[in-house]
Amino acid sequence: MKSHALFLRISICTLGIGVCGEVMSADIFRSESPNGVVRYASQALDETYRIYMRDDASHVVAKPSRQLVAATPRSRRNEASVSQLLETLSKKHAVDPTLVRAIIDVESNANPNAVSNKGATGMMQLMPATAAMYGVTELTDPAQNIEAGILHLKYLLALHHGNLALVLAAYNAGEGAVARNSGRIPPYRETMLYVPAVLARLQIYRNRSTP
């Protein structure tokens, strides 16, 4: 399946992180070959690589996920507030806060008023039906949005036995899409870009927290 071939090419070495060597940069670069093979790296390895996500987490150059409207810059005050909120809620529900932070970065750049062209809303880009499952009454309220997103993430982590690639695929495309593809990453371009983007951001945060 093309999605598997593409995903397998996104290795730890390609990202420039972990056991394959010291992180050279926390920026993420992306390259796509004419035959559709997508690669990510922590530096521009050749002329085909373009900046994809900057390390300061305040500017997303190209989003792999839904197109957003009403995007606004992140202020230091807002970022501190969001950080404290997600730490508290993640601890409450026993979910890795760095994973939640990575999802928020890629989904909305921490904009509580972000709305996608498909109707996903808020920091964790919840669809109305998903939000309703967790009792959300105001999708743009950061506390409600983040907590519902964390609860949904926790559900998906249990459903997929901690397999982060499938959890993220289900978060992006829906658990039904993963099930219809025999428990594999759905062959959707958006999802195939979304999964490695979140994993790359997650690794950056984990590297920062490592002494």
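The chain is numbered in sequence order, starting from 1.
No side-chain donor from either of Asn172 and Tyr188 sits under 3.5 Å from a side-chain acceptor of the other. A donor-acceptor pair shorter than 3.5 Å can be found between the side chains of Tyr194 and Glu107.
Note: Tyr171 and His152 have tilted aromatic rings, judged against thresholds of 30 and 60 degrees for the angle between ring planes.
One distance of note links CG of Leu168 with CD1 of Ile103; it measures 5.5 Å at 0.5 Å rounding. From Asn113, atom CG reaches atom OG1 of Thr140 across 5.5 Å, with rounding to the nearest 0.5 Å. Here the CD1-OG1 distance, from Ile146 to Thr88, works out to 10.0 Å after rounding to the nearest 0.5 Å. Taking CZ of Arg201 as the start and CG of Asp105 as the end, the distance is 5.0 Å to the nearest 0.5 Å. Atom-to-atom distance recorded for Lys92:NZ and Ile150:CD1 is 9.5 Å, nearest 0.5 angstrom. Gln84 CD to Leu89 CG: the interatomic distance, rounded to the nearest 0.5 Å, is 10.5 Å.
Taking all atoms of both residues into account, the shortest heavy-atom contact from Gly122 to Ser108 is O-CB, 3.6 Å. Scanning all heavy atoms of the two residues, the minimum distance from Ala169 to Pro186 falls at CB-CD, 3.9 Å. The two residues Met123 and Ala110 have their closest heavy-atom pair at CE-O, 3.5 Å. Nearest heavy atoms, Ala148 versus Val136: CB-CG2, 3.4 Å.
Using a 4.5 Å heavy-atom threshold, the side chains of Val178 and Ile185 count as separate. By the 4.5 Å heavy-atom criterion applied to side chains, Thr137 and Gln144 are counted as neighbours. Side-chain atoms of Ile104 and Asn109, non-hydrogen and from C-beta on, never get closer than 4.5 Å to each other.
Thr130 places no side-chain N or O within 3.5 Å of a backbone atom of Leu126 that could act as its donor or acceptor partner. Judged by distance alone, the side chain of Asn181 and the main-chain N or O of Gly183 form no donor-acceptor pair under 3.5 Å. Side chain of Thr121 to main chain of Gln125: no donor-acceptor pair is present (N/O by atom type, distance under 3.5 Å, no hydrogens or angles). A donor-acceptor contact shorter than 3.5 Å links the side chain of Asn145 to the backbone of Leu139. With hydrogens and angles ignored, the 3.5 Å screen pairs no side-chain donor or acceptor of Ser182 with any backbone N or O of Arg184.
Pairs engaging residues 154-165 under the side chain to side chain donor-acceptor pair (under 3.5 Å) rule: Tyr155-Glu175 [sequence neighbours left out].
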